[in-house]
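By convention in this document, chain letters (A, B, ...) are assigned in the order of the sequence lines, proteins followed by strands, and residues within each chain are numbered from 1.
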Number of protein chains: 4
Amino acid sequence: MTESGSDGTLRRRILDATRYLLVAEGYASLSMRKIAREIGCSPTAIYLYFQNKDALVHTLIDEGFGLLYEELREEAARHADPVVRLEALWRRYVAFGRRNPEYYEIMFMLHPERMERYPPEKYRRARRCLELSIQALEEGRRQGVFVVENPRVMASAAWAALHGAVALLLARRVDIRIDPEAFIDTTIRTLLRGVLAPDASLQPASK
Amino acid sequence: MTESGSDGTLRRRILDATRYLLVAEGYASLSMRKIAREIGCSPTAIYLYFQNKDALVHTLIDEGFGLLYEELREEAARHADPVVRLEALWRRYVAFGRRNPEYYEIMFMLHPERMERYPPEKYRRARRCLELSIQALEEGRRQGVFVVENPRVMASAAWAALHGAVALLLARRVDIRIDPEAFIDTTIRTLLRGVLAPDASLQPASK
Amino acid sequence: MTESGSDGTLRRRILDATRYLLVAEGYASLSMRKIAREIGCSPTAIYLYFQNKDALVHTLIDEGFGLLYEELREEAARHADPVVRLEALWRRYVAFGRRNPEYYEIMFMLHPERMERYPPEKYRRARRCLELSIQALEEGRRQGVFVVENPRVMASAAWAALHGAVALLLARRVDIRIDPEAFIDTTIRTLLRGVLAPDASLQPASK
Amino acid sequence: MTESGSDGTLRRRILDATRYLLVAEGYASLSMRKIAREIGCSPTAIYLYFQNKDALVHTLIDEGFGLLYEELREEAARHADPVVRLEALWRRYVAFGRRNPEYYEIMFMLHPERMERYPPEKYRRARRCLELSIQALEEGRRQGVFVVENPRVMASAAWAALHGAVALLLARRVDIRIDPEAFIDTTIRTLLRGVLAPDASLQPASK
DNA sequence: GATGAATGAGCGTTCATTCAT
DNA sequence: AATGAATGAACGCTCATTCAT
């Protein structure tokens with residue numbers, strides 16, 4: 001359930017049409033007219049619910065972060081073991097990006113100048129996602145299974161790695177000879193091996 | 001060294017102005033008219049040197065891949081040890097991206113639709129960059145210092161990780177409390193630890 | 001009677017301004033911007049009523065064929081005698097062309113490339129105009145007053161002759177020493193004499 | 001032999017390339033750049049031989065009228081009998097138009113505003129073509145085989161009819177179910193029957 | 001709660017032409 | 001005899017947005 005309810009209200013239909021168009025044609029060619037055409041209303045109508053195009057997109061970004069956090073939080077709650085939990089979080093992140101390319105594009109692939117008007121307090125929500133990884137890393141470090149200097153930096157670096165994988169996959173920039181699953185798997189297992197204490201036995205991926 | 005040197009020719013000034021605008025405003029808002037305004041010529045003049053906007057951007061992409069490959073090749077030649085070499089290649093890649101955000105954006109952050117008209121033979125040049133990493137991985141594996149199932153997939157995954165780091169840094173999406181150098185360092189060291197054989201002693205980064 | 005009457009609606013004013021410009025400057029130099037300037041609106045406004053330039057012109061072409069067919073049908077209905085009727089149709093055609101040079105230009109003087117996107121069903125309407133002549137020729141042949149091998153070909157040939165006369169008059173390519181009325185009259189009477197049975201007495205033109 | 005010789009001089013090549021482009025793409029999309037590209041010289045070079053685009057086209061128009069007149073004069077000289085001669089002239093006119101669509105387009109199908117700058121004395125040359133028909137009509141009238149009030153008007157009317165046939169054929173506006181040869185034949189025979197004295201036996205077309 | 005009418009800015013691109021060399 | 005460099009004007013069209021209703 002998203003923050004604005006999933007009723008058939010025009011506001012909701014605008015958001016959904018926007019998501020559809022983001023998947024179908026990408027952010028670059030997203031236009032108010034197209035959104036309006038998609039749902040059969042006038043372009044003006046959109047302005048009744050969103051101050052402007054940016055506000056509309058920002059709303060979607062918020063939704064996206066809400067969804068992502070929910071998924072990650074749920075995943076984190078499911079695994080007591082920090083190693084298992086960390087891997088699960090990472091896999092979930094990648095899965096989210098691949099399953100929701102439209103959210104992913106505006107959440108993480110928009111250019112900085114596009115984000116300038118994005119209210120900074122919203123970023124805090126984005127950061128909460130990272131906290132889950134940080135916690136797992138800290139827990140694991142305390143248990144001696146992770147070797148990590150700075151959990152926050154490590155979590156960010158791992159997130160960057162996952163982001164790179166998702167971004168290249170979505171942009172279809174990965175060599176077609178490479179199986180996407182193997183690609184993701186290699187990324188995650190390499191990261192895991194990179195943070196695990198040398199004597200910690202590397203358990204098989206719970207794929 | 002680019003193909004035409006840095007003489008004051010209009011063609012060169014167009015390319016430079018384009019690079020400047022790419023850094024300053026991003027690809028999305030790049031326009032022929034802005035380029036012309038930037039260098040104080042008429043928009044028409046650009047068409048004397050480039051068939052159209054795509055051709056202009058493609059020229060820059062070529063330049064970028066030329067530069068990157070040159071840097072990586074030089075770096076690869078400098079280090080006999082595959083471990084040292086791999087780390088050097090990775091560091092160089094990140095450095096290139098951070099030093100040349102404009103090239104990086106059009107080389108790696110453009111959406112596929114934008115690239116459709118990019119001549120496929122040019123991609124070969126792009127892939128050669130990856131080959132250098134693959135070779136290092138293969139060599140290291142033969143020497144028993146790397147544990148890698150599929151070097152090509154591993155090289156791609158590592159590239160994706162580095163790309164993610166560069167992309168987030170350029171987009172200023174990394175938490176400001178995190179020192180970029182530590183962020184990069186952690187990324188690279190984690191990757192390295194992830195591919196190194198367990199008994200191989202991890203030497204300190206030669207940074 | 002056109003489909004939307006002659007109210008002062010912007011749509012109508014666009015169509016009228018276009019017609020004016022077609023007369024004043026010809027199709028070749030017709031531009032959306034000029035139309036907008038002519039009626040004092042922004043070029044964008046035109047796109048509220050017509051999908052693009054072609055659609056605008058096609059609308060006028062439709063109007064033109066509507067008008068012409070109406071005139072010819074009415075004329076045909078007025079005359080029982082096929083000889084009188086045929087001459088009346090011919091005169092009416094020429095009169096239409098001279099009275100509506102703007103319609104005539106886009107209806108009959110546009111190059112085929114321009115028409116490619118013109119929906120083919122619309123052409124049927126154009127052909128119905130010819131059918132009226134064909135019917136008159138067939139009737140007259142049955143009555144023995146016309147000597148015609150193939151009425152459809154004959155009707156086309158006569159139409160071509162009339163078209164030539166109209167086209168040259170509109171283009172002011174006819175020697176100025178020649179009275180346009182005499183020119184038209186000669187064309188039509190010659191055609192008539194050319195199709196009449198030898199023994200049919202040629203009545204004076206009912207001009 | 002045209003007035004400017006048919007050597008391989010650049011001037012000649014420009015004229016030929018222009019003719020080629022007129023056939024291939026039509027007057028509307030004729031451009032100096034395309035002409036230059038076609039013959040592999042710079043657009044500027046054209047201006048060494050022709051003051052501007054209009055002058056270039058006017059030169060071709062002159063050539064066209066020269067060719068047409070030559071053909072018609074030769075044809076006229078071949079036939080003593082005015083009836084035969086007139087038909088021959090008409091057929092030759094149509095043949096010229098169909099054989100030289102590029103000349104025909106600029107000679108007879110250009111819009112009036114395009115011709116404004118065409119030097120009026122050149123029109124006299126165009127009119128000489130008509131004189132040949134007028135003479136045939138006058139001769140035939142003196143011999144009692146033609147019934148013509150005003151030969152000049154009649155010649156113009158017949159020319160208009162032929163022009164209409166050629167124009168519609170070139171523009172492919174004639175119903176595809178109609179055989180072009182039959183179409184032309186009908187036009188000419190109808191005209192002929194229209195001017196022949198009632199008792200003059202109509203000889204079969206020398207098709 | 002929603003629309004219709006309209007705009008100003010901007011886009012990539014093409015054109016005929018000029019001028020210095 | 002010919003070119004290279006450059007321009008100003010124009011083109012069709014799309015966009016985000018506003019305003020009156």
- Determine: side-chain N/O of D:Ser31 to OP1/OP2 of E:dT14, distance under 4.0 Å, yes or no. no
Closest approach to the side chain of [X], judged atom by atom: which nucleotide of [options] is it?
X       : options                : answer
D:Ser42 : F:dG12, F:dT3, E:dT14  : F:dT3
B:Tyr49 : F:dA5, E:dA2, E:dC15   : F:dA5
C:Leu10 : E:dA6, F:dT18, E:dG12  : E:dA6
C:Met32 : E:dT13, F:dC13, E:dC15 : F:dC13
B:Arg37 : E:dC11, E:dG4, E:dT17  : E:dC11
D:Tyr47 : F:dT3, E:dT18, F:dT18  : E:dT18

- In plain terms, say whether D:Glu25 and D:Lys34 are close enough for a salt bridge, that is, a side-chain N and a carboxylate O under 4.0 Å apart. yes
- Message: If you assign D:Ser29 and C:Cys41 each to the DNA chain E nucleotide with the nearest heavy atom, which residue ends up on the more 5' nucleotide?
- Response: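 First, find each residue's nearest nucleotide; the 5'-ward one identifies C:Cys41.
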- Query: D:Pro43 or C:Leu48: which one's nearest nucleotide on DNA chain E is closer to the 5' end?
  - Reply: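 Whichever sits nearer the 5' end wins; that is C:Leu48.
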- Note on the structure: To the nearest 0.5 Å, atom CZ of A:Arg11 lies from atom CG of A:Asp16 at 11.0 Å
- Message: Out of the candidates C:Ile35, C:Leu10, C:Leu60, only one should pair with C:Leu15 under the side chain to side chain contact (heavy atoms under 4.5 Å, CB included) rule; please name it.
- Response: C:Leu60
- Task: Would you indicate what C:Leu30 reaches in the nucleic acid, counting non-hydrogen atoms under 4.0 angstrom: base, sugar-phosphate, or nothing?
- Result: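 Since only primed, P, OP1 and OP2 atoms lie under 4.0 Å of C:Leu30, the category is sugar-phosphate.
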- Task: Please list, chain by chain and in numerical order, all residues satisfying ring pair (Phe, Tyr, Trp, His ring centres under 6.0 Å) with D:Tyr27, sequence neighbours excluded.
- Result: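 Residues passing ring pair (Phe, Tyr, Trp, His ring centres under 6.0 Å) with D:Tyr27: none at all.
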- Message: Please check this pair: side chain of B:Lys122 against backbone of B:Ile61, looking for a donor-acceptor N/O pair closer than 3.5 Å.
- Response: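 Looks like no, no N/O pair under 3.5 Å.
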- Query: For the side chain of C:Arg13 and the backbone of C:Ile39, is there at least one donor-acceptor N/O pair under 3.5 Å apart?
  - Reply: yes
- Report yes if some heavy atom in the side chain of A:Glu105 is under 4.5 Å from a heavy atom in the side chain of A:Leu170; otherwise report no. no
May I have the distance from [X] (atom [atom1]) to [N] (atom [atom2]), rounded to whole angstrom?
X       : N      : atom1 : atom2 : answer
A:Leu56 : F:dT17 : CG    : C1'   : 14 Å
A:Arg11 : E:dA2  : CZ    : P     : 13 Å
A:Asn52 : F:dT18 : CG    : C1'   : 13 Å
B:Ile35 : F:dT7  : CD1   : P     : 15 Å
A:Tyr27 : F:dA16 : OH    : P     : 9 Å
A:Arg33 : E:dT7  : CZ    : C1'   : 11 Å
A:Ile46 : F:dT18 : CD1   : P     : 13 Å
B:Lys53 : E:dG10 : NZ    : P     : 15 Å

Please tabulate, one pair per line, all N/O donor-acceptor pairs under 3.5 Å involving side-chain atoms of residues 46-58 of chain A, not counting sequence neighbours.
from, atom 1, to, atom 2, distance (Å)
A:Asn52, OD1, A:Asp54, N, 3.2
A:Asn52, OD1, A:Ala55, N, 2.9
A:Lys53, NZ, A:Leu30, O, 2.8
A:Asp54, OD1, A:Arg114, NH1, 3.1
A:Asp54, OD2, A:Arg117, NE, 3.1
A:Asp54, OD2, A:Arg117, NH2, 3.0

- Task: Only stems of 3 or more consecutive Watson-Crick or G-U pairs count here, both distances under 3.5 Å; name the ones for DNA chain E, or none.
- Result: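 Paired runs of 3+ in DNA chain E: E:2-21 with F:2-21.
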